[in-house]
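The structure appears right after this line, and notes come after that.
What you see below is based on every heavy atom in this structure, not just the backbone, and it leaves out hydrogens, waters and symmetry mates.
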Amino acid sequence: MASLAPRDPQTVPAELAQALVRLAPDALQLASFRREATAAPCDRSLSTLIENEIIPRLMIAHSVRAPDAAEGGAAPEDIDTLARLALQVDADALLSHVDSILARRVAVDTIMVDLVAPAARLLGVYWDEDRCNFVDVTMGLWRLQEVVREIAARVPADRRRAAGGHRVLFAAIPGDQHTFGAVMIDEVFRHNGWMTELLVDCSTPDLLRRASGEWFDLVGLTVSLDCNIAALPSIIAALRNVSRNPGLCIMVGGRVFAADPDLAKQVGADGTARDAKHALKVAADLVRVREREISACS
């Protein structure tokens with residue numbers, strides 16, 4: 001198997017090595033790991049791991065736009081270059097490359113949503129095509145994460161936008177074992193002025209009890225595995241029934257809704273969004289329209 005990445009003595013960081021720990025040593029070989037992945041429930045694979053766990057972790061707290069950035073975009077070739085460099089150079093060199101893109105006045109949001117996340121997905125494609133192995137991809141993702149952390153630390157907190165004091169409750173759908181998506185979106189909203197609350201590893205009664213206990217303008221549910229969607233309509237209907245807010249807005253998110261946004265309406269939600277930046281806009285619009293409707297009826 002030809003590899004894009006040179007072998008180095010670095011130790012796989014603990015926070016990304018969790019995916020490796022569950023596998024026996026011989027499963028680190030590509031063919032063995034692929035058998036483990038394809039045999040798993042709900043078609044779990046490395047690409048699914050990247051989509052549902054790693055990318056949301058990379059995206060935590062990076063919805064803030066640098067005020068002096070122009071609206072320049074990341075070029076398609078930048079994605080491939082970043083993915084390859086993540087496999088070949090250390091985190092400092094990778095950061096220098098990203099800084100050169102930022103110097104073109106590309107917005108921080110664009111770097112995170114349109115460059116880093118697609119580059120992380122591309123690492124999964126490289127693995128699927130036998131161009132690198134699982135450890136290579138894990139190290140590449142770690143280097144991307146280190147770059148994201150450094151860039152995020154440069155954005156002052158006082159540049160964050162206010163959201164008018166609206167309250168939102170986020171949760172991974174009960175029964176869903178992957179909570180990174182909910183953690184990510186909670187951080188994004190909190191850093192943009194929303195008052196947020198996050199439930200992880202909660203049961204349906206726990207979720208309903210919390211939603212009925214206080215006023216929330218919005219509830220956001222994340223779904224990482226397609227097989228958990230069947231429970232959504234009944235959960236959403238129950239949330240509306242118990243909510244202290246008669247005009248409660250409900251959003252859903254996850255890979256399946258990004259691929260088919262119309263599915264959000266089919267399960268009874270008010271909307272979905274393609275990424276964290278879009279989610280902020282959709283949520284604000286939903287809450288504003290609902291408040292106007294309630295005001296008009298009173």
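- With Thr196 contributing its side chain and Phe189 its backbone, the two residues share no donor-acceptor pair below 3.5 Å.
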*Test Asp78 against Arg104 for salt bridge (Lys or Arg N to Asp or Glu O under 4.0 Å), laying out the working first.*
CA-CA 12 Å; Asp78 289 332; Arg104 294 172 1 208; 2.8 Å; yes
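- Every residue two or more places apart in sequence or in another chain that forms a side chain to side chain contact (heavy atoms under 4.5 Å, CB included) with Ala171 is listed here: Leu199, Cys202, Leu207, Leu221.
- Contact between Gly213 and Arg244 at its shortest, heavy atoms only, is O-NH1, 3.0 Å.
- Every residue two or more places apart in sequence or in another chain that forms a side chain to side chain contact (heavy atoms under 4.5 Å, CB included) with Asp270 is listed here: Arg240, Cys249, Ile250, Leu286, Arg290.
- A heavy-atom distance below 4.5 Å is found between the side chains of Phe257 and Val267.
- Annotation: salt bridge (charged side-chain N to carboxylate O under 4.0 Å, His left out) contacts of Glu291 (sequence neighbours excluded): none.
- Considering only residues two or more places apart in sequence or on other chains, Ala238 meets the side chain to side chain contact (heavy atoms under 4.5 Å, CB included) condition with Leu208.
- Here Arg288 pairs with Asp285 under the salt bridge (charged side-chain N to carboxylate O under 4.0 Å, His left out) rule; sequence neighbours left out.
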*What do the steps show when you test Thr81 against His97 for side-chain contact (heavy atoms from CB on, under 4.5 Å), and what is the final call?*
CA-CA 9 Å; Thr81 299; His97 174 73; 3.7 Å; yes
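- Shown here for Pro174 and Ile235, the closest heavy-atom pair between the two residues is CD-CD1, 4.0 Å.
- Val125 and Val137 fall within a single hydrophobic cluster, where Ile, Leu, Val, Met, Phe, Trp and Tyr are joined by side-chain heavy atoms under 4.5 Å apart, directly or via other members.
- Taking both residues in full, the closest heavy atoms of Leu123 and Cys132 are given as O-SG, 4.3 Å, listed atom of the first, atom of the second, then distance.
- Taking every heavy atom of both residues into account, Ala119 and Ile79 meet most closely at N-CG2, 3.7 Å.
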*Take Val116 and Val147, measure what side-chain contact (heavy atoms from CB on, under 4.5 Å) needs, and give me the verdict at the end.*
CA-CA 9 Å; Val116 174; Val147 168; 5.7 Å; no
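- For the pair Val252 and Val223, the minimum side-chain heavy-atom distance is 4.5 Å or more.
- Looking at residues two or more places apart in sequence or on another chain, you find a side chain to side chain donor-acceptor pair (under 3.5 Å) between Asp80 and Arg84, Tyr126.
- If you take CG on Leu82 and CG on Leu94, they are separated by 5.0 Å, rounding to the nearest 0.5 Å.
- Remark: Ser243 engages no residue in a side chain to side chain donor-acceptor pair (under 3.5 Å) (not counting sequence neighbours).
- With sequence neighbours excluded, the residues satisfying side chain to side chain contact (heavy atoms under 4.5 Å, CB included) with Asp260 are Asp262, Leu263.
- Evaluation of the salt bridge (Lys or Arg N to Asp or Glu O under 4.0 Å) test over residues 202-220, restricted to residues two or more places apart or in two chains, returns Arg167-Glu214, Glu197-Arg210, Asp206-Arg209, Arg210-Glu214.
- Separation of atoms CG (Leu198) and CG (Leu169) is listed at 8.5 Å; rounding is to 0.5 Å.
- Rounding to the nearest 0.5 Å places CG of Asp136 at 10.5 Å from CD of Gln88.
- Contact detail for Ala284 and Trp194: the closest heavy-atom pair is N-CZ2, 4.1 Å.
- Rounded to the nearest 0.5 angstrom, Phe216 CZ and Leu218 CG are separated by 10.5 Å.
- Atom-to-atom distance recorded for Asp90:CG and Arg143:CZ is 7.5 Å, nearest 0.5 angstrom.
- For Asp99, the salt bridge (charged side-chain N to carboxylate O under 4.0 Å, His left out) partners at least two apart in sequence or on another chain are Arg154.
- Note that CZ of Arg255 and OG1 of Thr222 are 13.5 Å apart. Values are rounded to the nearest 0.5 Å.
- In this structure, Trp127 and Asn133 approach most closely via the heavy-atom pair CD1-C, 3.6 Å.
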